[in-house]
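Below is one structure, written out as structure tokens; the observations come after it.
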Amino acid sequence: MTTSNSDMIERKGMIFNVQKYNMYDGPGVRTLVFFKGCPLRCKWCSNPESQKRMYELLYKAELCVNCGKCASVCPVGLHTMEADGTHKLSDTVKCIGCRECEKVCEASALSVVGEKRTISEVMDIVEEDRSFYELSGGGLTLGGGEVLMQPEFATSVLMACKQRGINTAIETCGYAKLDDVLKVAEFVDLFLFDLKHIDSEKHYEFTGVRNETILQNVTALIEKRHNVRIRLPLMKDVNDAPEDIEGLIAFLKPFLGRKNFKGVDLLPYHKLGVGKYAQLGREYPMKGDFAMSDEELERVENQFKAHDFPVTTVRH
């Protein structure tokens, strides 16, 4: 696959964040680029602003001083002022990403999520920390949202990295066309592949999609000798039951012993993103406490270890 210089400059992707000096998402020190848009609607999602592939507005109502400056500069009428002088967001108007409201908000109550970046712009950011990659064995990780919702842009960024000798990884839910998965895989050193629930009905209940496509894609990647590390988001009373873990172990056991199967990461549930739901005007879907105790995490870890799986609990 080849990409012309004009493609490298003009092709754009929708991202919503860049995190430098990341130590959790692949080997060494990494730059993590977050893609916007996801086909899943996981009820525990810690990045709800990643789900829609469009501009969105985070609004911190508690910081708003009702000055009206945002309403005066918004070209589409997303911001309005009520008769009593209070700020209100329209229920029907969509943000166009101009960021004019963000610029004039002295109270820092507004933040536009989503930014279109060219491949060369992303690579300029990635190149800033090349020395850290070389010292630590790190590189670029693409996350989200879901990288595979923008396969052409992702492939081009990953290809540019490989041309420059930069290690690559992607985080993925795996819900995509196999052709897109394999196209991206040509330029990926490591897949961090989420398996959220082994039971397809429960997977649908908690994410909005069934898991057959996901399981088929991860199987294809491993069988085609791409490096894969499984990631299991863990939530009490959602996917931590011994029978759920045994089902996942049974699915993964045929891959044990393959050099390209890199083991399992356990990702304990946390509430770090809960506050963003209110800022987006949404309600957090998970009711209750789904955090697991150290003893419960150890029990899951030991289930994998009993079958000789390399397993690590990742605590952010």
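- Annotation for I166 and G139: closest pair CG2-CA, 4.0 Å, computed over non-hydrogen atoms.
- Here the side chain of N239 pairs a donor or acceptor atom with the backbone of P233 at under 3.5 angstrom.
- Shortest non-hydrogen contact noted between N47 and S50 is O-OG, 2.6 Å.
- Side-chain contact check for N211 and K202: no donor-acceptor pair (N or O, by modelled atom type) lies under 3.5 Å.
- Side-chain atoms of D84 come within 3.5 Å of backbone atoms of T86 as a donor-acceptor pair (strictly under, hydrogens ignored).
- Using a 4.5 Å cut-off on side-chain heavy atoms (C-beta onward), M149 and P39 make contact.
- For R30 (side chain) and D25 (main-chain N/O), a donor-acceptor pair under 3.5 Å exists by modelled atom type.
- Residues satisfying the side chain to side chain contact (heavy atoms under 4.5 Å, CB included) criterion with E296, sequence neighbours excluded, are K236, M292, S293.
- Taking all atoms of both residues into account, the shortest heavy-atom contact from V147 to A154 is CG1-CB, 3.4 Å.
- By the salt bridge (Lys or Arg N to Asp or Glu O under 4.0 Å) test, D294 is found to be paired with R315, residues two or more places apart in sequence or in another chain being considered.
- Formation of a donor-acceptor pair under 3.5 Å by the T155 side chain with backbone atoms of P151 is found in this model.
- Judged purely by atom type and a 3.5 angstrom limit, Q150 uses its side chain to pair as donor or acceptor with the backbone of M14.
- Remark: K162 pairs with D189 by the salt bridge (Lys or Arg N to Asp or Glu O under 4.0 Å) rule, at least two apart or across chains.
- Here the side chain of Y133 pairs no donor or acceptor atom with the backbone of G165 at under 3.5 angstrom.
- For F132, the CZ atom counts as loosely surrounded, since its 6.0 Å shell holds 12 or fewer non-hydrogen atoms of other residues, nucleotides or ligands.
- The 12-atom threshold is exceeded at CD of E62, counting heavy atoms of other residues, nucleotides or ligands nearer than 6.0 Å.
- Alongside V104, the hydrophobic cluster contains V73 (criterion: ILVMFWY side chains under 4.5 Å).
- Looking at residues two or more places apart in sequence or on another chain, you find a side chain to side chain contact (heavy atoms under 4.5 Å, CB included) between Q303 and P242, I245, E246, I249, R299.
- Between the side chain of S136 and the main chain of V29, a donor-acceptor pair closer than 3.5 Å is present.
- Between I230 and F255, the closest side-chain pair of non-hydrogen atoms is not below 4.5 Å.
- For N17, the side chain to side chain contact (heavy atoms under 4.5 Å, CB included) criterion is met by F34, not counting sequence neighbours.
- Taken from NZ in K196 to SG in C173, the straight-line distance is 6.5 Å, to the nearest 0.5 Å.
- One finds the CG atom of L215 at 6.5 Å from the CG atom of L195 (value rounded to the nearest 0.5 Å).
- A continuous path of Ile, Leu, Val, Met, Phe, Trp and Tyr side chains, each step under 4.5 Å between heavy atoms, connects F309 with I222, placing both in one hydrophobic cluster.
- Remark: side-chain polar atoms of H203 are paired, donor with acceptor, to backbone N or O of V209 under 3.5 angstrom.
- For A107, the side chain to side chain contact (heavy atoms under 4.5 Å, CB included) partners are V65, C105, not counting sequence neighbours.
- Within the 3.5 Å criterion, the main-chain N or O of H270 finds no donor-acceptor partner in the side chain of S46.
- For the side chain to side chain donor-acceptor pair (under 3.5 Å) test, no residue two or more places apart in sequence or in another chain qualifies with T219.
- By the 4.0 Å N-to-carboxylate-O rule, D179 lies too far from K177 to be salt-bridged with it.
- Proximity of a side-chain donor or acceptor of R229 to a complementary backbone N or O of L190 within less than 3.5 Å is not detected.
- Residue pairs meeting the ring-ring contact (aromatic ring centres under 6.0 Å, His included) criterion with at least one partner in residues 140-164, sequence neighbours excluded, are F35-F153.
- Between atom CG of residue N260 and atom CG of residue L221 there is a gap of 9.5 Å, rounded to the nearest 0.5 Å.
- Within a 6.0 Å radius of NZ in K88, other residues, nucleotides and ligands contribute 12 heavy atoms or fewer.
- What you find for G85 and N66 is that their closest heavy atoms are O-CB, 3.4 Å.
- Between F191 and H226, the angle of the ring planes goes over 60°, which puts this pair in the perpendicular group of the 30/60° scheme.
- With a 6.0 Å radius and a threshold of 12 heavy atoms from other residues, nucleotides or ligands, E106 has its CD atom at or below the threshold.
- For residues 52-61, the pairs satisfying side-chain hydrogen bond (donor to acceptor under 3.5 Å, both in side chains) are K36-E56, E56-R282, Y59-H87, with sequence neighbours left out.
- The hydrophobic cluster containing Y277, built from Ile/Leu/Val/Met/Phe/Trp/Tyr side-chain heavy atoms closer than 4.5 Å, also comprises W44, F206, M235, V238, Y269, V274, Y284, M286, F290.
- Taking the charged nitrogens against the carboxylate oxygens, E205 and K43 have no contact shorter than 4.0 Å, which rules out a salt bridge.
- Pairs of residues two or more places apart, or lying in two chains, that qualify as side-chain hydrogen bond (donor to acceptor under 3.5 Å, both in side chains) and include a residue from residues 248-259 are K253-H307.
- The nearest pair of heavy atoms linking T207 to C42 is CG2-SG, 3.8 Å.
- Heavy atoms only, all atoms of each residue included: L140 and C161 are closest at CD2-SG, 3.4 Å.
- Here L248 contributes atom CG and I198 contributes atom CD1; the two are 5.0 Å apart, rounded to the nearest 0.5 Å.
- Between F193 atom CZ and N227 atom CG the span is 14.0 Å, to the nearest 0.5 Å.
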